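Please read through the structure below; I'll follow up with questions.
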Amino acid sequence: MGFSDRAWTIFNQSIADYHLTDDVDCAAVNPFENGSLEWLLYAKNWIDTVQWHLEDIIRDENIEPIQALALKRRIDSSNQQRTDLVEYIDSWFYRKYQNVNAADDAKINTETPAWAVDRLSILALKVFHMSLEANRDTASEEHRNKCSDKLSVLLEQKKDLTEAIDRLLFDIENGQVKMRVYKQMKMYNDESLNPVLYQRIKNGEA
């Protein structure tokens, strides 16, 4: 089994485990060895899965403003955790390939392995939920047919993305692509970089 197929299996295990309770407050029970790549992939998708459902909840038109604000803060925090974990996964790949001698004409990819894996994790969620809609017996036949068509497109995207990820890792391993780790440099959560936050601190409002 190639890396991307293994990642896809782990993502779907995480999604299935989450839906045993379908509760955004349920704690993850990661079945893999702490610090292993499998553990990281499971943890990554669990964050994505919880955030997927938080995004659903916050779009309720009848939600109370105070609850919506709390959810927005939680989603912001989740996004930061997601970014941190993606960068950690890239660091894992960097350590794995740090002794590879890149060819003189080696390319630099526009997307790192972990950010491609991030897309695959989200895609697993799209496939899961679109499949539910394509088979939802309370929906109209027209709705189910439209969702079935969308599901076919998503599965085609999955095929392309898994092939692309495995090819990227193969090229890095063989020195045809340089392994790079770039930080996202998120500014809005940093009290030293977000002017709204550091002005508040300066004015003694913290």
Side-chain angles (χ1 to χ4, degrees), residues 1-32 36-60 71 74-75 77-90 92-93 109-171 184:
M1 181 184 292
F3 166 76
S4 59
D5 284 338
R6 183 157 49 109
W8 185 261
T9 298
I10 292 170
F11 293 156
N12 280 282
Q13 181 178 348
S14 163
I15 293 168
D17 289 347
Y18 171 85
H19 284 92
L20 292 175
T21 62
D22 202 7
D23 180 1
V24 294
D25 295 316
C26 181
V29 180
N30 196 317
F32 299 101
S36 67
L37 181 58
E38 292 79 7
W39 189 95
L40 293 171
L41 294 172
Y42 187 98
K44 167 71 177 66
N45 182 265
W46 187 274
I47 291 172
D48 295 337
T49 303
V50 171
Q51 186 167 329
W52 178 286
H53 292 85
L54 292 174
E55 296 281 8
D56 280 347
I57 295 169
I58 203 171
R59 282 165 175 77
D60 181 355
L71 280 173
R74 185 171 174 180
I75 290 169
S77 176
S78 176
N79 267 322
Q80 188 65 58
Q81 293 173 24
R82 166 178 163 263
T83 297
D84 291 345
L85 194 47
V86 170
E87 291 175 354
Y88 196 89
I89 293 171
D90 260 337
W92 189 96
F93 282 118
N109 207 56
T110 58
E111 185 175 53
T112 65
W115 280 110
V117 168
D118 173 72
R119 290 170 55 205
L120 188 64
S121 175
I122 301 300
L123 187 57
L125 281 160
K126 290 181 179 180
V127 168
F128 177 85
H129 287 95
M130 194 63 72
S131 179
L132 289 181
E133 289 300 314
N135 295 282
R136 180 160 61 91
D137 56 12
T138 57
S140 67
E141 183 178 1
E142 180 184 10
H143 175 86
R144 292 195 299 269
N145 288 339
K146 285 182 178 179
C147 290
S148 293
D149 291 342
K150 292 178 180 179
L151 180 60
S152 295
V153 173
L154 291 172
L155 291 173
E156 186 68 19
Q157 289 178 7
K158 182 256 182 180
K159 176 178 178 294
D160 292 344
L161 184 54
T162 53
E163 289 179 1
I165 290 171
D166 286 341
R167 182 67 198 189
L168 173 59
L169 294 176
F170 178 84
D171 287 344
Q184 289 293 303

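Only a predicted model underlies this, so the values are computations on that prediction, with no experimental measurement involved.
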- prompt: If you look only at pairs with a residue in residues 5-22, which of them pass as a salt bridge (Lys or Arg N to Asp or Glu O under 4.0 Å), with sequence neighbours excluded?
  reply: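 Of all non-adjacent pairs touching residues 5-22, those that pass salt bridge (Lys or Arg N to Asp or Glu O under 4.0 Å) are Arg6-Glu38.
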field: Trace of the side chain to side chain contact (heavy atoms under 4.5 Å, CB included) decision for Val117 with Lys44
entry: CA-CA 9 Å; Val117 168; Lys44 167 71 177 66; 5.5 Å; no
task: Working to the nearest 0.5 Å, report the span between CD of Gln157 and CZ of Arg119.
output: 8.5 Å
- prompt: Is there a side-chain contact between Asp90 and Pro113, using heavy atoms and a 4.5 Å cut-off?
  reply: yes
task: Identify the two heavy atoms, one from Ser4 and one from Asp166, that lie closest to each other, and give their separation to 0.1 Å.
output: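 It is OG-OD2, 2.7 Å.
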task: Write down the atom of Phe3, the atom of Leu169, and the distance for their closest heavy-atom approach.
output: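 It is CD2-CD1, 3.5 Å.
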- request: Given side chain to side chain contact (heavy atoms under 4.5 Å, CB included), test Trp46 with Asn30 step by step and report yes or no.
  value: CA-CA 9 Å; Trp46 187 274; Asn30 196 317; over 6 Å; no
- request: Search all heavy atoms of Asn45 against all heavy atoms of Ser121 and return the closest pair with its distance.
  value: ND2-OG, 2.9 Å
- request: Would you check if Asn109 and Trp115 make a side-chain contact, meaning some heavy-atom pair closer than 4.5 Å?
  value: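 In short, these two side chains do not touch, never coming nearer than 4.5 Å.
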query: Any side-chain heavy atom of Val153 within less than 4.5 Å of one from Asp149?
result: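 The answer is no, as the side chains (C-beta and beyond) never meet within the 4.5 Å cut-off.
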message: To the nearest 0.5 Å, what is the distance between CG on Leu120 and CG on Leu161?
response: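 Reported to 0.5 Å precision, the distance equals 5.0 Å.
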message: Using every non-hydrogen atom in the two residues, find where Ala116 and Glu111 come nearest and quote the distance to one decimal.
response: CB-OE1, 3.6 Å
- request: Could you please spell out the steps behind the side chain to side chain contact (heavy atoms under 4.5 Å, CB included) verdict for Gln13 and Phe32?
  value: CA-CA 11 Å; Gln13 181 178 348; Phe32 299 101; 3.6 Å; yes
task: Look only at the side chain of Asp48 and the backbone of Ile122, and say whether a donor-acceptor pair between them is shorter than 3.5 Å.
output: no
task: Please name the pair of heavy atoms, one in Tyr42 and one in Val29, separated by the smallest distance, quoted to 0.1 Å.
output: OH-O, 3.7 Å
field: Leu151 side, atom CG; Asn145 side, atom CG - distance, nearest 0.5 Å
entry: 12.5 Å
message: Under the ring pair (Phe, Tyr, Trp, His ring centres under 6.0 Å) definition, can you give me all pairs with a residue in residues 121-142, not counting sequence neighbours?
response: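 As it turns out, the ring pair (Phe, Tyr, Trp, His ring centres under 6.0 Å) pairs with a partner in residues 121-142, which skip direct neighbours, are His19-Phe128, His19-His129, Trp52-His129, His53-His129.
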- request: Please round to the nearest 0.5 Å and tell me the distance separating atom CG of Leu168 and atom OG1 of Thr112.
  value: 8.5 Å
message: If we ignore hydrogens and angles and just use 3.5 Å, is the side chain of Ser14 paired with the main-chain N or O of Ile10 as donor and acceptor?
response: no
field: salt bridge (Lys or Arg N to Asp or Glu O under 4.0 Å) partners of residues 151-160, not counting sequence neighbours, each pair once
entry: Lys159-Glu163
task: Kindly compute the distance separating CD (Gln51) from CG (Leu125), expressed to the nearest 0.5 Å.
output: 10.5 Å
query: How close do Ala124 and Phe11 get, heavy atom to heavy atom, and via which atoms?
result: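 Taking Ala124 first and Phe11 second, the nearest heavy atoms are CB-CB, 4.0 Å.
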query: Has the side chain of Ser78 got a donor or acceptor atom that lies under 3.5 Å from a matching backbone atom of Arg74?
result: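 Looks like no, no N/O pair under 3.5 Å.
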message: Tell me if a side-chain donor or acceptor on Arg136 pairs with a main-chain N or O of Arg144 at a distance below 3.5 Å.
response: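 A pair under 3.5 Å: no.
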query: Counting distance only, does the side-chain N/O of Asp118 pair as donor-acceptor with the main-chain N or O of Ala114 below 3.5 Å?
result: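 Looks like no, no N/O pair under 3.5 Å.
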- prompt: Can you tell me if Arg59 uses its side chain to pair, donor with acceptor, with the backbone of Glu55 under 3.5 Å?
  reply: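 Flag set: sc Arg59 to bb Glu55 pair under 3.5 Å.
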Rounded distance [0.5 Å steps], CG in Asp56 versus CG in Leu71: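 Between Asp56 CG and Leu71 CG, I get 11.0 Å after rounding to 0.5 Å.
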